[in-house]
Chemist: 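Could you have a look at this structure, given as structure tokens, before my questions?
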Amino acid sequence: MKKIICEDALSAAQIAADVFERQVKEKPACVLGLATGSTPVRLYNELVSRCTAGRIDFSRVRTFNLDEYYPIKPEHRQSYSAFMNEHLFSKVKFASTHLLSGEASDPHEECARYDAEIEAAGGIDLQLLGLGHNGHIGFNEPAVSYSMGSYLVDLTEDTLKANSRFFGENEPQPTQSLTMGIGSIFKARKILLLITGEGKADITKKLFDGMLHTDVPACFILLHPNVTVVIDKAAAAKL
Ligand code: F6R
């Protein structure tokens with residue numbers, strides 16, 4: 001594991017963008033695994049700038065997102081589909097972009113279809129992850145067992161509370177999501193975990209305390225043979 005501690009969230013985004021740039025230069029037709037949430041926004045801005053400046057060409061790249069609320073329509077402003085369009089897909093040309101469908105009639109079938117689609121694309125070369133306050137990655141919430149493939153998950157109270165900031169007061173918030181499983185994430189050839197902000201200091205401390213906490217899903221990811229963790233000083237404050 002490579003652990004990089006940066007001055008602030010902006011330099012963390014730039015270092016993460018360097019990892020993406022190297023990946024795309026090394027394999028122009030690569031497959032990227034993408035995440036949503038507040039953490040990757042600066043990274044996506046940086047990727048858009050580098051693409052606009054002609055530094056990175058994403059035109060042969062295919063992308064797969066980690067997760068999507070369920071049920072949700074793609075045009076809902078809080079869907080992860082809308083998030084990706086707003087921050088990246090409307091600004092950068094990719095060969096193709098893929099998300100789990102929050103409006104699939106059979107969520108289990110949709111998960112199996114998505115896993116098969118990733119497999120058919122040759123698997124994910126570089127998977128980006130953020131870290132939940134409770135240690136979740138994707139929407140793999142703390143549990144006693146974890147899914148090998150994509151699945152339908154009930155969100156925990158913690159996660160619902162953390163994400164309620166994105167929903168209006170009277171706006172219904174989905175209580176389930178479709179997510180790649182820990183096993184699907186582990187299949188990526190490289191993993192980039194990005195952690196920023198003082199709100200992540202406690203969970204970052206637990207993640208790196210030398211124990212494999214089974215109630216911190218992100219701990220499993222540290223066992224991956226090619227993982228880079230980029231942390232800003234605020235999140236690393238208690239290390
Ligand atoms: C989003 C995702 C989540 C977030 C995590 C952190 O696709 O997979 O695991 O990465 O909830 O969210 P932020 O970055 O908003 O703190």
Side-chain angles (χ1 to χ4, degrees), residues 8-10 12-13 16 32-46 63-70 72 74 76-89 97-102 111 114 118 124 126-143 146-147 150-167 173-186 188 191-204 206-207 215-222 227 229-232 234-236:
D8 52 25
L10 186 61
L32 298 177
L34 300 178
T36 58
S38 48
T39 310
V41 172
R42 285 188 187 85
L43 163 64
Y44 293 156
N45 291 342
E46 182 65 24
T63 71
F64 287 87
N65 263 77
L66 272 174
D67 43 17
E68 178 58 285
Y69 286 117
Y70 188 83
I72 202 161
H76 189 293
R77 67 184 179 89
Q78 287 310 337
S79 74
Y80 285 169
S81 173
F83 175 99
M84 291 309 298
N85 282 335
E86 180 186 343
H87 295 284
L88 194 62
F89 297 160
T97 60
H98 308 260
L99 278 102
L100 284 149
S101 168
C111 288
Y114 197 64
I118 295 174
I124 291 173
L126 172 64
Q127 175 67 57
L128 172 68
L129 299 173
L131 178 67
H133 293 91
N134 60 0
H136 76 209
I137 47 170
F139 273 131
N140 293 275
E141 300 283 30
Y146 294 95
S147 179
S150 297
Y151 71 118
L152 176 68
V153 64
D154 291 328
L155 300 177
T156 60
E157 279 306 317
D158 268 355
T159 298
L160 289 171
K161 206 167 128 207
N163 290 359
S164 61
R165 67 190 196 276
F166 299 120
F167 290 84
Q173 184 182 352
T175 56
Q176 291 184 300
S177 111
L178 303 177
T179 183
M180 286 186 195
I182 295 285
S184 344
I185 295 169
F186 215 84
I191 292 181
L192 172 61
L193 173 59
L194 185 56
I195 316 174
T196 57
E198 60 182 347
K200 301 286 171 66
D202 286 326
I203 191 64
T204 302
K206 193 166 177 186
L207 185 60
D215 63 345
V216 177
C219 277
F220 292 96
I221 294 312
L222 298 187
V227 56
V229 190
V230 179
I231 317 171
D232 74 352

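When a residue number appears, it is its place in the shown sequence, counting from 1. The structure displayed is predicted, hence computed values, not measured ones. All values below were derived from every heavy atom in this structure, side-chain atoms included, with hydrogens, water molecules and symmetry-related copies excluded. Remember, it's 1-based here, ligands and their atoms both numbered in the order they're listed.
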Chemist: At the 4.0 Å heavy-atom cut-off, does K200 count as touching ligand 1?
Modeler: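 A heavy atom of K200 does come that close to ligand 1.
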Chemist: In terms of residue, atom name and distance, what is the protein heavy atom nearest to atom 10 (O) of ligand 1?
Modeler: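 Going atom by atom, the protein heavy atom closest to atom 10 (O) of ligand 1 ends up being G130 CA, 3.3 Å.
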Chemist: Counting non-hydrogen protein atoms only, what is the nearest one to atom 6 (C) of ligand 1? Give residue, atom name and distance.
Modeler: L131 O, 3.4 Å
Chemist: Do D215 and K206 meet the salt-bridge criterion of a basic N to acidic O distance under 4.0 Å?
Modeler: yes
Chemist: Tell me, which protein residue and heavy-atom name are nearest atom 11 (O) of ligand 1, and how many Å apart are they?
Modeler: H136 NE2, 2.7 Å
Chemist: Measure the acute angle between the ring planes of F83 and H87, then classify it against the limits of 30° and 60° as parallel, tilted or perpendicular.
Modeler: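 The rings of F83 and H87 sit tilted, inter-plane angle from 30° to 60°.
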Chemist: Please classify the R165 to ligand 1 contact at 4.0 Å (heavy-atom distances, strictly less than): side chain, backbone, both or neither.
Modeler: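 The answer is the side chain.
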Chemist: Looking at atom 3 (C) of ligand 1, what's its closest protein heavy atom, distance included?
Modeler: G138 O, 3.6 Å
Chemist: Which is it for D67 and ligand 1 at heavy atoms under 4.0 Å: side chain, backbone, both or neither?
Modeler: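 For D67, the contact with ligand 1 is made by the side chain alone.
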Chemist: Check L66 against ligand 1 and report side chain, backbone, both or neither, counting heavy atoms closer than 4.0 Å.
Modeler: side chain
Chemist: Anything under 3.5 Å between a donor and an acceptor, one on a side chain of residues 129-137, the other on a protein residue two or more places apart or in another chain? List them.
Modeler:
from: N134; atom 1: OD1; to: H136; atom 2: N; distance (Å): 3.1
from: N134; atom 1: OD1; to: H136; atom 2: ND1; distance (Å): 3.3
from: N134; atom 1: ND2; to: E141; atom 2: OE1; distance (Å): 2.9
from: N134; atom 1: ND2; to: T159; atom 2: OG1; distance (Å): 3.4
from: H136; atom 1: ND1; to: E141; atom 2: OE1; distance (Å): 2.9
from: H136; atom 1: ND1; to: T159; atom 2: OG1; distance (Å): 3.2

Chemist: Under 4.0 Å from any heavy atom of T39, which atoms of ligand 1 are there?
Modeler: 13 (P), 14 (O), 16 (O)
Chemist: Could you walk me through whether Y80 and Y69 satisfy the ring pair (Phe, Tyr, Trp, His ring centres under 6.0 Å) test, starting with their C-alpha distance in whole Å, then the side-chain angles of each, then the deciding distance to 0.1 Å, before giving a yes or no?
Modeler: CA-CA 7 Å; Y80 285 169; Y69 286 117; 4.9 Å; yes
Chemist: For atom 1 (C) of ligand 1, what's the nearest protein heavy-atom neighbour? Residue, atom name and distance, please.
Modeler: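 Of the protein heavy atoms, T36 OG1, 3.1 Å lies nearest.
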